Undergrad: 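The structure's right below; bear with me while I get my questions together.
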Amino acid sequence: MAVALQALPRLARAPLRPLLRGRPGARLASGMALAEQARMLFENTVGAVLPGPMMHRALSLDPSSGHLKVRDRSFQLRQNLYLVGFGKAVLGMAAAAEELLGQHLVQGVISVPKGIRAAVECSGKQEMLLKPHSRVQVFEGAEDNLPDRDSLRAALAIRQLAEGLTADDLLLVLISGGGSALLPAPIPPVTLEEKQTLTKLLAARGATIQELNTIRKALSQLKGGGLAQAAYPAQVVSLILSDVIGDPVEVIASGPTVASVHNVQDCLHILNRYGLRAALPRSVKTVLARADSDPHGPHTCGHVHNVIIGSNALALAEARRQAEALGYRAVVLSAAMQGDVKSVAAFYGLLARVAGAHLAGVSAGEEKQLQEQAAALQLPDLQLEEALEAVKEAGGPICLLAGGEPTVQLQGSGKGGRNQELALRVAAELGPRPPPGAVDVLFLSGGTDGRDGPTEAAGAWVTPEVASQAAAEGLDVATFLARNDSHTFFHRLQGGAHLLYTGLTGTNVMDVHFLFLRPRG
Ligand SMILES: Nc1ncnc2c1ncn2[C@@H]1O[C@H](COP(=O)(O)OP(=O)(O)OP(=O)(O)O)[C@@H](O)[C@H]1O
Ligand SMILES: O=C(O)[C@H](O)CO
């Protein structure tokens, strides 16, 4: 455990070090333990997508004129700024907004996860906390990512603030993943309990986030553009930290400032698909029937400016820059890694062997199989050819980067998360069939929010040797995988040395995967 815990103070207490900026050089790559580099790269990648740096990148204020620039748009501030927010990363986003724009801020309300202020305080990240006499009211709720009474109170306070605005006002809306559960405002007669039950059932039956949020929008006063409509005629600027593949603004936190394009038929199809249509509560049927004959049609959002300020792609771009500074040839493979964790692990196993063979200068017999495996994953942005070309050209240290959110079909009752499970499955792929030649290989998978499933770890890293090291300690990889017990496995292996511990990071742009290959000697 000692080794694993060493990582904690680095991320939790100190500002992240700009990692060896500037001069690349193979000397760096070879002089430093691979595991230490991987761990540092993860920490620094997360550090680049913390709410503060992203808000500073997106916003700038001219203090003399009061002009607020949000990317390419300009807004006049004159003590007319209001703020609302909901999501797992919103506390830090609000703190940065207060720091930047505080003198113009009249009032704010945010809805954030239960316990987040205590966790942030505990980790010493003062910059993610609001000022002592802040004008922003904070509600904590949605334990276990489900809407509850506390988040309902927050949603009502947010709606009230929005409805009181005039054409002279500017509403800043801070949005991040987890926002749907933190902004529940069911359309009567649907009750909070009914919404909770329906959300749970859809999620448990495997509905995608797109499907889940289509239903949430249809039953909500604020989702699907409802918040933007409540704020009209004020101008609305939404700053969005994406936790959904492809960064679709209408899906992230159920798009409260984006007009919904779905109709009742879409909802009924989804409910049918998951066998829920017949058992719908009467209230839900009433609201859906009403929406069908709504004379106002969908919300209009012409007064809204939606801006994505952070995403998985941004994290990967930073990881690539930092890996290059360490002397690696770095390539981003995909920011849309999804699909069953078993297929994703098989892909990484094959990729490591093919890339390793190229580096070792031996023939890569499995290249066709790799291409088939990649095609089966259907990743829209996969840069496989580019990556393999880079490996062939580089002939030296390589770092392949990807991100997204694979899915785990839970079968056992063990303790784990999708990152630890992916890492362990990659270890199982590489153990019996490691890459050929004298090449060191390391694979890391980590959740940028710092919490992988219901565990305290953010993820884990593995090498092809993990399976045999585990066997020497009496741990059988296949047995732990069959129980979905990856966390217990890594916790026991070498005293937890392969686990990543960062604590709650205060951000969330899905997961990142790093594959390092380094010729030995
Ligand atoms: N024992 C386990 N082994 C592997 N994966 C697990 C296990 N238990 C839960 N999970 C996975 O963890 C995920 C839920 O955890 P988590 O809260 O980190 O993800 P999330 O709800 O997608 O939130 P976020 O997007 O903010 O990370 C689910 O995808 C679930 O399948
Ligand atoms: O809150 C939500 O809807 C999910 O985290 C996706 O953004």
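What you see is a predicted model, and the numbers here were worked out from it, not measured in a lab. Just so it is clear, the values below take in all heavy atoms, side chains as well, and ignore hydrogens, waters and symmetry mates. Both counts, for ligands and for their atoms, begin at 1 and track the order of listing.
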Undergrad: I'd like to know if Arg149 pairs up with Glu193 as an ion pair, taking the criterion as any Lys NZ or Arg NE/NH1/NH2 lying under 4.0 Å from an Asp or Glu carboxylate oxygen.
TA: yes

Undergrad: Considering heavy atoms of the protein only, find what lies nearest to atom 7 (O) of ligand 2 and give residue, atom and distance to 0.1 Å.
TA: Asp243 OD1, 2.6 Å

Undergrad: May I ask you to list the atoms of ligand 1 that are less than 4.0 angstrom from any heavy atom of Glu421?
TA: 3 (N), 4 (C)

Undergrad: For the pair Tyr348 and His513, name the ring-plane relationship: parallel under 30°, tilted 30 to 60°, perpendicular over 60°.
TA: perpendicular

Undergrad: Counting non-hydrogen protein atoms only, what is the nearest one to atom 24 (P) of ligand 1? Give residue, atom name and distance.
TA: Lys88 NZ, 3.7 Å

Undergrad: Would you call Arg425 and Glu421 a salt bridge, using N to O less than 4.0 angstrom?
TA: yes

Undergrad: With the side chain counted from C-beta on, respond yes when Glu456 and Arg451 share a heavy-atom pair under 4.5 Å apart, and no when they do not.
TA: yes

Undergrad: Among all protein heavy atoms in this structure, tell me which lies nearest to atom 3 (O) of ligand 2, with the distance rounded to 0.1 Å.
TA: Ser180 OG, 2.5 Å

Undergrad: Answer yes or no: is there an ion pair linking Arg39 with Glu43, defined by an N-O contact shorter than 4.0 Å?
TA: no

Undergrad: How are the rings of Phe514 and Phe516 set to each other: parallel, tilted or perpendicular (split at 30° and 60°)?
TA: perpendicular

Undergrad: Mark up the atoms of ligand 1 that fall under 4.0 Å of a heavy atom belonging to Val408, in ascending order.
TA: 4 (C), 5 (N), 31 (O)

Undergrad: Pull out every atom of ligand 1 sitting under 4.0 Å from any heavy atom of Asn484, numbered as shown with elements.
TA: 1 (N), 2 (C), 3 (N)

Undergrad: Determine whether any heavy atom of Gly414 lies closer than 4.0 Å to an atom of ligand 1.
TA: yes

Undergrad: Near Val244, which atoms of ligand 2 are under 4.0 Å from a heavy atom of that residue?
TA: 6 (C), 7 (O)

Undergrad: With heavy-atom distances below 4.5 Å as the criterion, would you say the side chains of Phe139 and Asp150 are in contact?
TA: no

Undergrad: Quick one: look up the protein heavy atom nearest atom 7 (C) of ligand 1 and list residue, atom name and how far away it is.
TA: Gly416 O, 3.2 Å

Undergrad: Below 4.0 Å from ligand 2: does a non-hydrogen atom of Lys88 turn up there or not?
TA: no

Undergrad: For residues Lys415 and His491, determine if any side-chain heavy atom of one lies less than 4.5 Å from a side-chain heavy atom of the other.
TA: no

Undergrad: Do ligand 1 and Asp452 have nitrogen or oxygen atoms that lie under 3.5 Å from each other?
TA: no

Undergrad: Using a 3.5 Å cut-off on N or O atoms only, is Leu410 in polar contact with ligand 1?
TA: no

Undergrad: Mind checking whether Glu405 has a heavy atom under 4.0 Å from ligand 1?
TA: yes

Undergrad: Distance to 0.1 Å, residue and atom name: give those for the protein heavy atom nearest to atom 21 (O) of ligand 1.
TA: Asn145 ND2, 4.2 Å

Undergrad: Name the option, out of Gly417, Pro113, Ala89, that contains the heavy atom nearest to atom 5 (N) of ligand 1.
TA: Gly417

Undergrad: Which heavy atom of the protein is the closest neighbour of atom 28 (C) of ligand 1, given with residue, atom name and distance?
TA: Arg418 NH1, 4.4 Å

Undergrad: Between Gln160 and Val109, is there a side-chain heavy-atom distance shorter than 4.5 Å?
TA: no

Undergrad: With the threshold set at 4.0 Å, does a side-chain nitrogen-carboxylate oxygen contact exist between Arg492 and Glu473?
TA: no

Undergrad: Test of understanding: given a 4.0 Å heavy-atom threshold, classify the contact between Asp485 and ligand 1 as side chain, backbone, both, or neither.
TA: neither

Undergrad: Any idea which atoms of ligand 2 are less than 4.0 Å away from a heavy-atom of Gly178?
TA: 1 (O), 2 (C), 4 (C), 5 (O)

Undergrad: Please indicate, with yes or no, if any protein heavy atom is found under 4.0 Å from atom 17 (O) of ligand 1?
TA: no

Undergrad: Compute the minimum heavy-atom distance from Gly447 to ligand 1 and say whether it is under 4.0 Å.
TA: no

Undergrad: If you count the atoms of ligand 1 from 1 in the order shown, which ones are under 4.0 Å from a heavy atom of Arg451?
TA: 18 (O)

Undergrad: Output the list of atoms in ligand 2 that are nearer than 4.0 Å to some heavy atom of Gly179, sorted by atom number.
TA: 1 (O)

Undergrad: May I ask you to identify the nearest protein heavy atom to atom 14 (C) of ligand 1, giving residue, atom name and distance to one decimal place in Å?
TA: Gly453 CA, 4.2 Å

Undergrad: Which of the atoms in ligand 2, numbered in the order shown and given with their element, are less than 4.0 Å from a heavy-atom of Asn213?
TA: 3 (O)

Undergrad: I need the atoms of ligand 2 closer than 4.0 Å to a non-hydrogen atom of Arg216, numbered in the order shown.
TA: 3 (O)

Undergrad: I'd like to check which ligand 1 atoms, numbered from 1 as shown, lie under 4.0 Å from a non-hydrogen atom of Asp449.
TA: 24 (P), 26 (O), 27 (O)

Undergrad: Which one holds for Leu212 and ligand 2: side chain close, backbone close, both close, or neither close, with close meaning a heavy atom under 4.0 Å?
TA: neither

Undergrad: Please lay out, stage by stage, how Leu500 and Asn419 fare under the test side-chain contact (heavy atoms from CB on, under 4.5 Å).
TA: CA-CA 10 Å; Leu500 302 169; Asn419 289 284; over 6 Å; no

Undergrad: What atoms of ligand 2 come within less than 4.0 Å of a heavy atom belonging to Ile252?
TA: 7 (O)

Undergrad: Is atom 30 (C) of ligand 1 in close reach of the protein, with a heavy atom under 4.0 Å away?
TA: no

Undergrad: Counting N and O atoms only, with roles assigned by atom type, does the side chain of Ser176 sit under 3.5 Å from a partner on the main chain of Ala89, one being a donor and the other an acceptor?
TA: yes

Undergrad: Less than 3.5 Å between some nitrogen or oxygen of Gly177 and one of ligand 2, yes or no?
TA: no

Undergrad: State whether the number of non-hydrogen atoms from other residues, nucleotides or ligands found under 6.0 Å of Lys200 atom NZ is greater than 12.
TA: no

Undergrad: Measuring from Asp247:CG to Met510:CE, what's the distance to the nearest 0.5 Å?
TA: 6.5 Å

